[in-house]
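To start, the structure itself, in structure tokens.
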Amino acid sequence: MENSLLTARGRRTLPKQTRLAKRADYLRTYESGRKYFSRFSVLFIADNQMTFSRLGITATKKAGKANIRNRLKRWTREVWRAHREPLALDLQRADFVVNIKPSAARASFTDFKSDLVALFRRAATSLQ
RNA sequence: GGAGUGGGUCGGAGGAUCGCUGUGCGGCGACGCAUGGAGGAAAGUCCGAACUCCUACGGGCAGCAGGCUGGAUAACGUCCAGGCGCGGCGACGCGACGGAAAGUGCAACAGAAAGAUACCGCCUGAGGAGGUUUUCUUUUCUUCGGGUAAGGGUGAAAUGGUGCGGUAAGAGCGCACCGCAUCCCGCGCGAGCGGCGAUGGCAUGGCAAACCCCCUGCGGAGCAAGACCAAAUAGGGAGGCAGUGGAACCGCCCGUUUCCAGUGAAAGCCUCCGGGUAGGUUGCUCGAUCACCGCGGUAACGCGAGUGACAGACGAAUGAUCCUCACCGGCAACGGCACAGAAUUCGGCUUACAGACCUACUCCGCAC
RNA sequence: CGGGCAGUAGCGCAGCCUGGUAGCGUACCUGAAUGGGGUUCAGGUGGUCGGGGGUUCAAAUCCCCCCUGCCCGA
């Protein structure tokens, strides 16, 4: 598994193992994690004792109807995929949970992307 | 040319790179290659089914739902055709459209009265009082009684309408026409329709989306249904081992945990079994399917053959960037491009929706 | 997937079942009382009854369809 992740890391892929899937994982991140805020989202980070970082996304019903929430989650995943390697987020070996705020429903992708990248960058630098 | 009505279709197109995901092939594997990957509403979850499990010997009551007629369908509260009523000049649209002489109930305010009725009025009988008068009489007021639903007035609603006759005054009391009900005749499978056919003078007004009555239908739960595999921990069952003293068993030693006692010590270890949680697999997508074609039917739809099409995820796949061409706004740079995202699967209904197109009609104006 | 509750005056709630007048508290306005304010007393203003249809003479109330918010079960 570790080999596969090492090869995948350079190719900006997004395999299933790097996603948070358990409710317990989310709760642990919320309880013990650090919090970072930005215009469109809230980021929780907690160490996971693994060899890579994982991503979880939450968009409540306040954000919009189903198609809006799906779009926001895809955008978040896309930003994570594109900037995981440049920002060396895997070296944190942590679980990242992004809570999307309702205000993001009206944003364009470019605005949302720049906001989220800045958030990741701030979190990454402060962790070092 | 303008205004409008019904039905139907589409819901940007093509390509490149990166990423996600189902399937197939190759590979121990990592992965590679090929190929597929949101909708007309996927939505709301309002009906109907399929499919699973539960309960079961059948049946009823209760409850809920539906309610003009005929047909379509696996079924339906859906669809088609038709009838009747209402709205619209019309094309057409809308309609929970069985029963009020089975029973119970309701109707504020107003009004005499809202099933059974006389307040005012009109007519009239008897008694009393008064006016007028020579007489015949005539008339006013009042008390008790009778007749009367024409008029007044109230109301959402007051017991067919108009006219003529008739009468003390009136009244379908009688007549004519219109309306209504029943019967008959004709047409229609039927709801119903037509009749200068007959009869009835019309007799019990409204509300059943008030209770209710009649007819028809319905067992309950839902893919987190259900099935299979199954960790850790705790607990359950079976077997074995260990285990203090005495008794018992045995000819004796060794040994045995069958019984009893005791609590100083220990009350544990091993193996197996079943239930079952996390988790995983399955159910899971090709089916009462859809399109084209032929035949039958006014139609919904049915039958038939061939070709083509058809997502299966599970913290839940469709995204990002770029190019070309459409469309809309703007002088331009540029911006925008609806409603909205599959969750077991179908048949409907309802709701949301930028814009574009096809088709059949209606009304008005102008020209021929 | 299935079930339930609520929406009425600026705010918090009755009224709905059993249809005809929308009421209570608070807030607001006016007046009284006080030297002034608060408390108190008297009077008053204020509501598309979430939206749209339907039944009815008449609908906040009965029926149907939507919208919004909240809750529950597997």
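Letters go in sequence order (proteins before strands), and every chain restarts at 1.
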For this session: Report the distance from atom CG of A/L43 to atom OG of A/S38, rounding to the nearest 0.5 Å.
Result: 8.5 Å
Problem set entry | Ionic contact status for A/R39 with A/D111, cut-off 4.0 Å | no
Exercise. Looking at the angle O4'-C1'-N9-C4 for a purine or O4'-C1'-N1-C2 for a pyrimidine, is B/A74 syn or anti, with syn meaning within 90° of 0?
Worked result: anti
For this session: Using both distances under 3.5 Å as the test, list the Watson-Crick or G-U wobble partner of B/A360, or none.
Result: B/U5
Look for any protein N or O under 3.5 Å of an N or O in nucleotides 277-279 of chain B and output each such pair with its distance, or none.
none

Exercise. Ignoring hydrogens and angles, are the base of B/A38 and the side chain of A/R74 linked by a donor-acceptor pair under 3.5 Å?
Worked result: yes
Exercise. B/A101 pairs with which nucleotide, Watson-Crick or G-U wobble, both distances below 3.5 Å?
Worked result: none
Problem set entry | Atom-pair distance (OH on A/Y30; P on B/G315), nearest Å | 15 Å
Problem set entry | Candidates B/A340, B/G319, B/C20 - which lies nearest the side chain of A/K65 | B/A340
For this session: Could you tell me whether the side-chain ring of A/W75 sits stacked on the base of B/G319, using a centroid cut-off under 5.5 Å and a plane angle under 30°?
Result: no
Exercise. Between B/A62 and B/A108, how far is it from one P atom to the other, in whole Å?
Worked result: 35 Å
For this session: Nearest 0.5 Å please: distance from the CG atom of A/D47 over to the CZ atom of A/R28.
Result: 8.5 Å
For this session: Looking at every strand, decide which applies to A/F109 at a 4.0 Å heavy-atom threshold: base, sugar-phosphate, or nothing.
Result: sugar-phosphate
Seminar exercise, completed: Using Watson-Crick geometry (N1-N3 plus N6-O4 or O6-N4) or G-U wobble (N1-O2, O6-N3), each under 3.5 Å, B/C136 is paired with none
Exercise. A/D111 CG to B/A320 P: how many Å, rounded?
Worked result: 14 Å
For this session: Mind calculating the distance between CH2 (A/W80) and P (B/G315) to the nearest angstrom?
Result: 18 Å
Exercise. Rounded to whole angstrom units, what separation is found between the CD atom of A/E85 and the P atom of B/G19?
Worked result: 13 Å
Problem set entry | Nearest-0.5 Å distance that lies between atom CZ in A/F120 and atom CZ in A/R84 | 11.0 Å
For this session: Grab the CZ-P distance between A/R19 and B/A313 for me, whole Å please.
Result: 13 Å
Exercise. Which atom pair, heavy atoms only, marks the closest approach of A/A63 to A/R69?
Worked result: CB-CG, 4.4 Å
Seminar exercise, completed: Symbol by symbol from the 5' end, with Watson-Crick or G-U pairs under 3.5 Å, [ ] crossing and | another strand, RNA chain C is (((((((..((((......[..)))).(((((.......))))).....(((((..]....)))))))))))).
Exercise. Taking any strand in view, what nucleotide pairs with B/C122 in a Watson-Crick or G-U wobble way, both distances under 3.5 Å?
Worked result: B/G147
Problem set entry | Pairing partner (Watson-Crick or G-U wobble, both distances under 3.5 angstrom) of B/U73 | none
Exercise. Is the base of B/A209 syn or anti, where syn means the angle lies within 90° of 0?
Worked result: anti
Exercise. What is the distance from atom NZ of A/K101 to atom CG of A/L72, rounded to the nearest 0.5 Å?
Worked result: 13.5 Å
For this session: Name the nucleic acid region contacted by A/K113, choosing base, sugar-phosphate or nothing; use a 4.0 angstrom heavy-atom cut-off, strictly under.
Result: nothing
Exercise. Between A/L55 and A/R77, what is the shortest heavy-atom contact and its length?
Worked result: CD2-CA, 4.4 Å
For this session: Check every strand shown and say whether A/R69 touches a base, only sugar-phosphate, or nothing at a heavy-atom separation below 4.0 Å.
Result: nothing
Exercise. Mapping A/I68 and A/K73 onto RNA chain B by nearest heavy atom, which one lands closer to the 5' end?
Worked result: A/K73
Problem set entry | Euclidean distance, atom CG of residue A/L72 to atom C1' of B/U318 [Å, nearest integer] | 16 Å
Exercise. With a non-hydrogen cut-off below 4.0 angstrom, is A/R77 in contact with a base, only sugar-phosphate, or nothing?
Worked result: sugar-phosphate
Exercise. Whom does B/C303 pair with, Watson-Crick or G-U wobble, provided both distances fall under 3.5 Å?
Worked result: B/G294
Exercise. For A/F96, which of A/F44, A/W80, A/F52 qualifies under ring pair (Phe, Tyr, Trp, His ring centres under 6.0 Å)?
Worked result: A/W80
Exercise. Which atom pair, heavy atoms only, marks the closest approach of A/A104 to A/F40?
Worked result: CA-CD2, 3.7 Å
Seminar exercise, completed: Rounded to the nearest 0.5 Å, the CG atom of A/L87 sits from the OG atom of A/S53 at a distance of 11.5 Å
Exercise. Does B/G219 adopt a syn or an anti glycosidic conformation, taking syn as a chi angle within 90° of 0?
Worked result: anti
For this session: Output the single nucleotide from B/C20, B/G341, B/G19 whose closest atom is nearest the side chain of A/R81.
Result: B/G19
Problem set entry | G-U wobble or Watson-Crick pairing nucleotide for B/C89 (cut-off 3.5 Å, both distances) | none
Seminar exercise, completed: A/I57 atom CD1 is separated from B/G315 atom P, nearest whole Å, by 13 Å
For this session: Starting at atom CD of A/E78, determine the distance to atom P of B/C322, rounded to an integer number of angstrom.
Result: 12 Å
Exercise. Nearest 0.5 Å, what's the CG-OG1 distance between A/N99 and A/T60?
Worked result: 8.0 Å
Exercise. B/U321 pairs with which nucleotide, Watson-Crick or G-U wobble, both distances below 3.5 Å?
Worked result: B/A16
Problem set entry | With sequence neighbours excluded, residues passing ring pair (Phe, Tyr, Trp, His ring centres under 6.0 Å) with A/F112 | A/W75
Exercise. Is any side-chain nitrogen or oxygen of A/N67 closer than 4.0 Å to OP1 or OP2 of B/A340?
Worked result: no
